[in-house]
Amino acid sequence: MTQPPPYQPPHPAWTPQPPPPVPGRATAALVLGVLSLTCLGFLSGIPAMVLGRSAGREIAASGGRLGGDGIATAGFVTGLVGTLLSALALLALVGMFVLLGVTFDRNLDRLEEIERTPTPSCSPGSAPFADPLLEDCRP
């Protein structure tokens, strides 16, 4: 017969360690970054980038006492993307207004040219599709 193994006391219960605290600047950076993507653009994107970078430096300098490096990075990246998207939208809007102004100016020039062009004759119904009862002359 084999002998039973010697008595071993039970292992102590493992208790998980709580995660290190996350600085408030990292959370604020993420919130501002998401707002920059959804509605506020660069108005909240630039502060999100500043807070995200600042929180990342604080976390790195803490030596493991603080967590949330991923949150700070996500805040920085979402702020950057929101800022870039709003800058592109602003450029598109300015370009659209410039294009609209150029088009309006060209059409205005064409209208002025048409008004300055004399009609071939000033007798009622002389134009090819004119109403014979109305006079086709411009003043």
Side-chain angles (χ1 to χ4, degrees):
M1 275 180 98
T2 62
Q3 290 195 6
Y7 175 75
Q8 293 180 352
H11 294 286
W14 179 77
T15 56
Q17 295 293 327
V22 176
R25 281 188 261 179
T27 306
L30 183 59
V31 169
L32 289 172
V34 170
L35 285 174
S36 75
L37 287 175
T38 56
C39 60
L40 294 178
F42 61 86
L43 295 177
S44 66
I46 293 172
M49 289 188 295
V50 170
L51 286 174
R53 187 65 72 191
S54 172
R57 287 186 186 131
E58 180 183 2
I59 292 167
S62 73
R65 289 180 289 117
L66 293 175
D69 190 41
I71 294 173
T73 303
F76 178 82
V77 170
T78 54
L80 179 66
V81 171
T83 300
L84 291 176
L85 287 176
S86 66
L88 288 174
L90 185 64
L91 283 175
L93 186 66
V94 167
M96 192 171 63
F97 276 118
V98 167
L99 185 62
L100 182 67
V102 168
T103 304
F104 180 75
D105 192 41
R106 284 183 183 169
N107 287 337
L108 189 61
D109 288 344
R110 284 184 188 163
L111 285 174
E112 288 173 355
E113 185 178 320
I114 290 171
E115 286 179 359
R116 281 185 266 136
T117 307
T119 55
S121 66
C122 283
S123 60
S126 61
F129 299 106
D131 187 350
L133 301 176
L134 297 176
E135 190 171 322
D136 292 328
C137 297
R138 292 187 187 100

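Any value given below was found using the heavy atoms of this structure, including those in side chains, with hydrogens, waters and symmetry copies removed.
- When each of L108, T103, V102 is checked for a side chain to side chain contact (heavy atoms under 4.5 Å, CB included) with R106, only V102 meets the rule.
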Distance-only donor-acceptor hits, side chain of residues 61-68, under 3.5 Å, sequence neighbours excluded:
| unit_1 | atom_1 | unit_2 | atom_2 | d |
| --- | --- | --- | --- | --- |
| S62 | OG | I59 | O | 2.8 |
| S62 | OG | L66 | N | 3.2 |
| R65 | NE | S62 | O | 3.2 |

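- The salt bridge (charged side-chain N to carboxylate O under 4.0 Å, His left out) pairs that include a residue from residues 30-54 number zero, where partners must be two or more places apart or lie in different chains.
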Using residues 25-50 as the side-chain source, report each donor-acceptor pair under 3.5 Å to any protein atom, sequence neighbours left out, with the distance given to one decimal.
| unit_1 | atom_1 | unit_2 | atom_2 | d |
| --- | --- | --- | --- | --- |
| R25 | NH1 | S54 | OG | 2.5 |
| R25 | NH2 | E58 | OE1 | 3.0 |
| S36 | OG | G33 | O | 2.6 |
| S36 | OG | T78 | O | 3.2 |
| T38 | OG1 | V34 | O | 3.2 |
| T38 | OG1 | L35 | O | 3.3 |
| S44 | OG | L32 | O | 3.1 |
| S44 | OG | S36 | N | 3.0 |

